[in-house]
Amino acid sequence: MQSIQNAKHIFQIFADYLSQYFKTRLAYRVDFLGDLISNLVSELINLVFIVVVFTHVPLMKDWTRDEIIFIYGFFLVPYALFSMFFGFWDFNERYIIRGEMDRILTRPIHNLAQVCLESIAPDRIFGVISGLIIMGYAAIQLDLSFTWYDPFLFVGLAISGALIYGGVYTAISAISFFSDSRTGITPMIYNIQQYGRYPVDVYNKVIRFVLTYILPFAFVGVYPAAYFLRKETWYTYAAMTPVMGVIFFTIGVVVWNWGVSKYRGAGS
């Protein structure tokens, strides 16, 4: 019962922070719109690669250009949600090497929630909007039809993808509790996650296995997007996305708590 109350308290803190942030941003609507356009332009530039590839080949393992664009748009949504709450990119440098973790551990709220709150980046919501726009464009080109419950499934799958990201990067960041090395494997993991925005059947069996069961970035892009593209072959994997989200986020929190229990302070 106490843990449920703590969770509600943490969610309320996040909700209050986001509410105040957006009230402030919307007071300056021109700046807000400018940031949105800037983010969209940045993502459109990334689409150039996909367009260039499809000027040379009409299909990519039976996937069309617009289907790949749709997958890319979906891929942006869970990543933006993850980036909004899990800013772990400088965790090792800031919290371990500089000793900020010692301060975090003296406070009553769960340490992981504190780290997330201190690095929260509400402006990453622009990535969600960009992803929706790209998906909308591709859906129009593909003449996709949706049922009344598809928006609810989309929200659930997007949140599940964000949980997968959160679990993976939480576990990766927890490695810092055992090592004070300035260099970590986060950049490598970031590069691997980019494979999730393309159909997994274009890769060999080893890479497909890794993207499905070890670093399940296929569940943040192609698998859930395949449902909306009506690719029945991948329906089972799309249905597994929420399960994988819960499993990997749980693993991330368990590894994090284990790392915290082994942490002896910046001076040790």
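These values consider heavy atoms only, across backbone and side chains, with no hydrogens, waters or symmetry-generated copies.
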Does Phe91 form a ring pair (Phe, Tyr, Trp, His ring centres under 6.0 Å) with Trp256? I'd like the steps, not just the answer.
CA-CA 12 Å; Phe91 174 78; Trp256 174 276; 5.2 Å; yes
Given ring pair (Phe, Tyr, Trp, His ring centres under 6.0 Å), test Phe70 with Trp63 step by step and report yes or no.
CA-CA 11 Å; Phe70 186 92; Trp63 297 80; over 10 Å; no
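Atoms CZ and CD1, from Phe209 and Ile214 in turn, are 4.5 Å apart once rounded to the nearest 0.5 Å. Rounding to the nearest 0.5 Å gives a distance of 9.0 Å between OG1 of Thr233 and CG of Asp201. Here the CG-CG distance, from Asn257 to Asn111, works out to 6.5 Å after rounding to the nearest 0.5 Å.
Ring planes of Tyr165 and Tyr79: perpendicular class, angle over 60° (limits at 30 and 60°). The aromatic rings of Trp258 and Phe178 sit tilted relative to each other, their planes meeting at an angle between 30° and 60°.
Within the 4.5 Å cutoff, the side chain of Phe86 has no heavy atoms near those of the Val168 side chain.
Closest approach of Phe74 and Gly221 over heavy atoms only: CD2-O, 3.9 Å. Nearest heavy-atom pair, Ala218 versus Val200, reported as atom, atom and distance to 0.1 Å: CB-CG1, 3.5 Å. Across every non-hydrogen atom of Thr212 and Phe219, the tightest pair is O-CE1, 3.1 Å. Here the closest heavy-atom approach between residue Pro78 and residue Val220 is recorded as CG-O, 3.4 Å. Heavy atoms only, all atoms of each residue included: Pro199 and Ile71 are closest at CG-CD1, 4.2 Å.
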Show every donor-acceptor pair shorter than 3.5 Å between a side-chain atom in residues 144-162 and any protein atom, with sequence neighbours excluded, or say none if there are none.
{"residue": "Thr147", "atom": "OG1", "partner": "Asp150", "partner atom": "OD1", "Å": "3.1"}
{"residue": "Thr147", "atom": "OG1", "partner": "Asp150", "partner atom": "OD2", "Å": "3.3"}
{"residue": "Asp150", "atom": "OD1", "partner": "Tyr227", "partner atom": "OH", "Å": "2.8"}
{"residue": "Asp150", "atom": "OD2", "partner": "Thr147", "partner atom": "N", "Å": "2.9"}
{"residue": "Asp150", "atom": "OD2", "partner": "Arg230", "partner atom": "NH2", "Å": "2.7"}
{"residue": "Ser160", "atom": "OG", "partner": "Gly156", "partner atom": "O", "Å": "2.7"}

Would you list the atom pairs, donor with acceptor, under 3.5 Å between side chains in residues 235-248 and any protein atom, with sequence neighbours excluded?
{"residue": "Thr241", "atom": "OG1", "partner": "Tyr237", "partner atom": "O", "Å": "3.4"}
{"residue": "Thr241", "atom": "OG1", "partner": "Ala238", "partner atom": "O", "Å": "3.0"}

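Under the 4.5 Å side-chain heavy-atom criterion for Ile, Leu, Val, Met, Phe, Trp and Tyr, Leu105 and Val254 are members of distinct hydrophobic clusters. Under the 4.5 Å side-chain heavy-atom criterion for grouping Ile, Leu, Val, Met, Phe, Trp and Tyr, Met135 is not connected to Ile140 through any hydrophobic cluster.
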